[in-house]
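Side-chain atoms are counted along with the backbone in the values below, which use heavy atoms only and exclude waters and symmetry mates. Letters go in sequence order (proteins before strands), and every chain restarts at 1.
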Amino acid sequence: MRIKLLALMVSAVAFIATSAHAGHHGAKSAVVPEITQTAVLTGLENPWDVALLDDGTMFYTEKCKGVSVRMPNGDVHALYGMKDSSGYDSMGGDLHCSNQAGMLGLAIDPDFAKNRRIYVASASTMYHGNGCKTNFERCDGNIVMRLEVSDDFKSVANRMDIVKDIQFKPFESNHPFGGNGAHNGNRPTFGPDGALWITTGDRHRGVCPQSPTLMCGKVLRIDTNGNAHPDNNPPKGFDKRVYTYGHRNVQGIAFRSDGAVFTAEHGPWHNDELTMLVNGGNGGWDPQQNVGGRGDCPDEYCGYMPNQKKGVIPAIRAAFMPMSDTRFPDLMPPAWQNNGYSQGTGSIDFLQGKQWGMYEGRAVVGIMGIAFGGTPAGMRLDVYDIKKDGQSIKSVIHLPVEAKRYRGVTMGPDGALYANTDEGEIYKITAK
Amino acid sequence: MKSLFAGIFTLLFSFNAGSAIGGDAAAGEARYGVNCFICHGQKGKGMASYPKLAGKPVPYIVDKLETYRAGTRIGPNSDLMIMNAEPLTDEEIANLAAYLSSVKSN
């Protein structure tokens, strides 16, 4: 009798717990979805970002060419090209590409049906002024443009540069991957708040991420005219457009269904990270020389130290030059770090819809990954079950897709995931 | 006399190109598939900030790989290439050059 009573009590507690869980988070599927991968476009040159309208109209950028749109019937219109590009309806002679830099991210205005606006991030010579003579000047060389698309989707007009002062690396430096144009971030996206969020990179300059006035190494939250969001809460003295600071190279940003915003950040030779952002928070990246126990560094940038020319055990690098330095009281700790490795997190989005089964609501991240110095290659899409509090993950799995350098991942209006690769493809990845 | 010069030129060129002469393209393709493709893309098409190699002449590929193998910096990604070229044998360089030069550049 006591055993039966005990069993009944246990069952009741379990039922209550289950009900409470389901009531709070919704019923969780245990189905592992069947994944299919189909190429939508091939033969592109470094497609960097994709954004879709509800009818499947797909805008995409190519890093050294420009922005184009693929219509639902498959027709492609080359809209706005870069310097020396051809075949585009119009072009910006100030837009250029070099190494990692070029025409990168894009976003569609939530009110596109009325205002026809898209937003494109690119390297530009327009605002260099006298500030690009050396690597140790501000060099405003990354911008965000607002463009208006014609009704027939064959041209754009009324370019307005809404952000003109994201810094750019003008010259090669004494670092691994040391070419000019390094670390631009440049992934714009709209949040559920209707604001435009812009990610940037440290452009290989030590002072950038912790600087209150330089826009390199930041996440910005602005309106579509480029003005700061009124609720941004950066530290005193910071530019009011700053939502978070202390970043290295944020190439991915996405919003979970509860509104929480996460970044995917590319580590140096250690520790790619996924981080839940906090308004005014610090990502903890500070590659300045002569701080944090470090001395002088090559070209005043400690980002690849120590012994930057050779393989070093990642834990030693991480201790010397942490991605998330705990000496900052306003540090946003990562939800995930890549087991000490840097394999190149390209972008992030959240899987939406019942068709994704047990992966519904989880984060999908492109891991680009080159293999050297003992680090295995990336070339995969990973799916993360991030805990509600954003401080850790429950699990990570590899999505069964081809091994590619997945630069971008974007949820489509049809419930499919669109993934663009550095190899030149845009894939549609479906689940059922 | 003309043919003598041509013969000497061919000999010198062969010497400079070193082990590339007679490289095995199939073996080069297999070696390329070990890790080169991760940066330079399938069939040497190039991607991201890593250059296109498809269709480059044999002497070009051989010269670059031998330079990197010797530890000489010749560009912003030299540290990566030096690390990857150091273990290559003459035969592997010849094979890689034979393969990459045979791939159409478009």
Report yes if some heavy atom in the side chain of B:Lys43 is under 4.5 Å from a heavy atom in the side chain of A:Glu423; otherwise report no.
no

Quick one: side chains of residues 77-88 of chain B, donor-acceptor pairs under 3.5 Å with protein atoms, not counting sequence neighbours, listed by atom name and distance.
from    : atom 1 : to       : atom 2 : distance (Å)
B:Ser78 : OG     : B:Ile74  : N      : 2.8
B:Ser78 : OG     : B:Gly75  : N      : 2.9
B:Ser78 : OG     : B:Gly75  : O      : 2.7
B:Asp79 : OD1    : B:Arg73  : NH1    : 2.7
B:Asp79 : OD2    : A:Lys309 : NZ     : 3.3
B:Asp79 : OD2    : B:Arg73  : NH1    : 3.0
B:Asn84 : OD1    : B:Asn35  : ND2    : 3.2
B:Asn84 : ND2    : B:Leu80  : O      : 3.0

Starting from the C-alpha separation in whole Å, work towards a yes-or-no answer on side chain to side chain contact (heavy atoms under 4.5 Å, CB included) for B:Lys45 and A:Glu45.
CA-CA 10 Å; B:Lys45 283 168 52 181; A:Glu45 290 186 23; over 6 Å; no

Say you draw a straight line from CE of A:Met379 to CZ of B:Phe37; how long is it, rounded to the nearest 0.5 Å?
5.0 Å

Donor-acceptor pair, A:Asn46 side chain versus B:Ala48 backbone, under 3.5 Å?
yes

For B:Pro76 and A:Gly179, which heavy atoms make the closest approach, and how far apart are they?
CB-N, 3.1 Å

Cut-off 4.5 Å, heavy atoms of chain B, and the answer for A:Glu172 is side chain

